[in-house]
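Throughout, protein chains are lettered first and strands after them, A, B, ... in sequence-line order, and every chain is numbered starting at 1.
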Amino acid sequence: MVEVILPDGSKREYDEGATALDVALSISEGLARNVLAAEVNGEVVDATRPLPATANLKLLTWNDKDGKSTMWHSSAHLMAEAIEALYPGTKLAIGPSIDAGFYYDIDLGGHKITDEDLPAIEKKMKELAGQKNTFDRQEISKADAIKYFTEKDDEYKLELIDGLDDGTITFYTQGNFTDLCRGPHVPHTGFIKSIKLTSIAGAYWRGDENRQQLTRIYGITFPKNKELNEYLEMIEEAKKRDHRKLGKEMGLFTFSQKVGQGLPLWLPKGAALRERLENFLKVAQRKAGYEPVISPHIGHKDLYVTSGHYAKYGEDSFRPIMTPHEGEEFLLKPMNCPHHCEIYKATPKSYKDLPVRYAEFGTVYRYEQSGELHGLTRVRGFTQDDAHLFCTPEQVKEEFKNVIDLVLYIFKTLKFENFRAQISLRDPDNPEKYIGSDENWEKAERSIIEATEEKGLDSVIEYGEAAFYGPKLDFMVKDALNREWQLGTIQVDYNLPERFELEYVGADNERHRPVMIHRAPFGSMERFVAVLIEHCGGKFPLWLTTDQIAILPVSEKYNDYAQKVLNYLNNYDIRGFVDDRNEKVGKKIRDNEVDKIPFMLIVGEKEEDNNEVSVRKQGDGDLGAMSLEKFSEFIGQEIDKELN
RNA sequence: GCCUCUGUAGCUCAGCUGGCUUAGAGCAGCUGAUUUGUAAUCAGCAGGUCGUGGGUUCGAGUCCCUCCAGAGGCUCCA
């Protein structure tokens with residue numbers, strides 16, 4: 001007998017050899033049709049596997065994350081089967097499910113494949129799906145597995161098998177296609193109803209750019225066509241929020257081939273927006289005890305030799321700038337911290353001075369591979385909202401916590417609710433990748449973990465993601481297309497104080513080494529603005545947006561009154577302009593609506609006579625007439641709401 | 001950097017398999033008319049050596065190659 005315990009705690013008994021699918025069938029036929037996989041005692045397995053004597057069972061459907069990934073993994077196999085049928089001799093590497101869909105990395109030999117070939121593969125997949133072939137699991141010995149793929153002459157699978165232990169290897173077969181696979185899979189290919197192959201890309205075998213480049217085909221599948229259509233619509237919607245598109249439309253920034261790729265040019269409206277963001281942070285930093293400093297855009301090569309960056313990144317940086325006669329080498333600054341270390345050293349420090357907090361919106365230049373550049377999120381010249389805190393080892397945790405507060409304050413004000421905090425620690429298996437003593441690393445890692453815990457911040461720990469000089473805490477936010485970007489970052493550094501021989505005199509009258517904390521709540525202004533644009537779809541908060549109001553005289557007879565209204569509101573720090581174009585009101589409304597102006601104030605005879613404005617709010621339409629006093633009070637309240 | 005794709009006026013796009021025109025349209029711009037009441041008033045004008053450089057051809061925006069830039073990935077990210 002098999003005892004099955006369902007998630008609601010109810011118990012059921014089945015005959016020996018019963019499967020999850022049998023359980024589903026005993027509940028309802030409809031459920032059985034939707035079961036993609038099963039979670040048995042915490043492990044995701046095929047719904048067609050016999051259950052153990054006691055099974056805590058959860059039936060997985062499309063509504064479960066693991067159900068979806070099982071479906072997509074099976075889809076990858078289905079695609080592989082189609083490709084093998086269409087392109088005999090294709091070698092297969094790996095084909096996993098991903099966040100949204102799946103891919104398979106393949107080696108087509110000399111054959112080339114393009115977007116135009118995808119419909120044919122889709123068609124073949126649909127044909128094979130229609131055959132409702134079951135996915136059959138087979139345990140196989142390592143020797144037999146090697147034999148099978150040696151005959152197929154597939155060196156990729158052989159390399160994968162090489163890393164597996166005998167006795168743990170399984171094959172899955174559907175139709176005429178067999179693949180090395182851990183599973184699980186959906187019961188049969190007929191579960192895959194709606195198929196879309198989305199793109200082709202190059203991908204290196206095992207992610208190593210020195211190895212074979214494979215062809216990666218991405219796709220996504222759904223149990224119903226309706227869901228595929230919804231997905232495609234969602235992608236279309238997301239594209240409308242893309243900061244590259246909105247940035248161009250709204251006149252925020254641009255790129256020029258002449259200036260150079262990856263070097264953004266901020267247009268007046270974008271610059272105004274950015275300046276407001278910077279001022280917002282400057283105010284918060286002043287309150288938090290930061291002192292502004294300023295450093296130049298280049299620095300002597302020796303500065304970076306001392307910091308260690310030259311040894312690590314020198315080859316992958318912009319080439320040095322030479323003085324014409326002396327041949328001295330200067331580098332475009334790739335980071336601000338070495339300069340700030342020298343600022344620290346400018347005067348002797350006592351423990352009573354610490355912590356010192358140097359802040360600078362510092363523009364840095366990094367050579368990024370051309371294929372990596374992306375709108376404002378990945379550029380070659382960008383401005384960090386940088387600051388470096390120098391403190392005693394005892395102060396690290398407290399300072400770290402204060403920085404977390406600052407980051408959270410910014411995220412809250414800008415309504416970034418869906419962020420992820422990631423603690424990046426050393427890779428314990430590759431200690432040689434890092435500089436600095438074990439003891440310091442341990443101290444730093446402990447401080448970060450404790451500070452994060454004490455702030456009650458929900459975070460994940462990633463090993464091997466630390467910077468080479470210290471562990472860090474990053475705040476990650478997703479863009480419109482669900483790609484994740486790092487915004488805020490806080491990093492502990494025991495290394496630079498050592499290299500720059502930074503000191504302070506302690507209460508014991510001895511010299512001590514301070515600890516340094518690098519931090520940037522926005523990360524970079526460029527990336528932050530990009531993510532902000534996508535986050536709010538170009539409709540910036542009132543306090544931040546460049547033009548809060550547009551005043552629309554109904555005819556040029558009222559231009560003077562409109563100007564009066566603008567002057568009045570300017571006195572209350574309300575920003576905007578008079579739309580005195582020779583156009584009808586309807587046209588002006590439409591244009592300003594398209595430009596995402598939060599408030600339009602329509603003025604004509606009635607308004608002028610009563611010293612009023614007719615208010616139209618973006619998205620909400622006509623709010624009726626208000627006196628000037630009332631409107632300025634109203635908009636002031638709206639702004640206060642946003643900032644508190 | 002690598003793989004695949006893309007590149008026509010400021011913007012969005014037409015231009016079929018190379019040949020009738022001096023490469024078209026809408027929006028934006030300029031000029032004029034209109035003096036306008038809650039999402040597009042009308043008319044006219046101007047604007048492009050079709051990303052760049054080569055090649056094939058009697059003839060190329062259209063075919064081929066180089067380079068540049070952009071997109072989606074891979075790798076990387078102090």
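- When ring centroids are compared, W485(A) and H374(A) come within the 6.0 Å threshold.
- With a cut-off of 3.5 Å on both Watson-Crick or G-U wobble distances, the partner of A33(B) is given as U41(B).
- Residue-to-nucleotide contacts include no donor-acceptor pair under 3.5 Å from the side chain of R366(A) to the base of C76(B).
- Summarising the base pairing, G18(B) is matched to no nucleotide, lacking a Watson-Crick or G-U wobble pair whose two defining distances lie under 3.5 Å.
- For R216(A) against C3(B), no side-chain N or O and base N or O form a donor-acceptor pair under 3.5 Å.
- Candidate nucleotides U36(B), G1(B), G72(B) were compared by shortest atom distance to the side chain of Y204(A), and G1(B) ranks first.
- In this structure, S317(A) and E116(A) both approach RNA chain B, and ranking their closest nucleotides by distance from the 5' end singles out E116(A).
- Taking all atoms of both residues into account, the shortest heavy-atom contact from P320(A) to E329(A) is CG-OE2, 3.8 Å.
- The base-pairing partner of G61(B), taking Watson-Crick or G-U wobble contacts with both distances under 3.5 Å, does not exist among the strands shown.
- At distances below 3.5 Å, not a single donor-acceptor pair connects side-chain atoms of N592(A) with backbone N or O atoms of I589(A).
- Between G54(B) and U17(B), the distance separating the two P atoms is 26 Å to the nearest Å.
- P553(A) approaches A562(A) most closely through the heavy-atom pair CG-CB, 4.1 Å.
- Counting non-hydrogen atoms under 4.0 angstrom, E465(A) reaches nothing in the nucleic acid.
- Pair assignment for C27(B): G10(B), on the basis of Watson-Crick or G-U wobble contacts that are both within less than 3.5 Å.
- Looking at which nucleotide of RNA chain B each of R616(A) and A203(A) is closest to, the 5′-most match is held by R616(A).
- With A69(B), C77(B), U38(B) as the choices, the nucleotide that has an atom nearest any side-chain atom of Q261(A) turns out to be A69(B).
- The side-chain heavy atoms of L263(A) and V379(A), taken from C-beta on, include no pair separated by under 4.5 Å.
- With a cut-off of 3.5 Å on both pairing distances, G47(B) has no Watson-Crick or G-U wobble partner at all.
- The side chain of A201(A) lies closest to G72(B) when the candidates are C74(B), G72(B), U38(B).
- Side-chain proximity of T114(A) to the nucleotides C77(B), C5(B), G73(B) is greatest for C5(B).
- Distances shown here put every side-chain N or O of Q257(A) at or beyond 4.0 Å from the OP1 or OP2 atom of C68(B).
- The partner of C5(B) is G70(B), by the rule that a Watson-Crick or G-U pair needs both atom distances under 3.5 Å.
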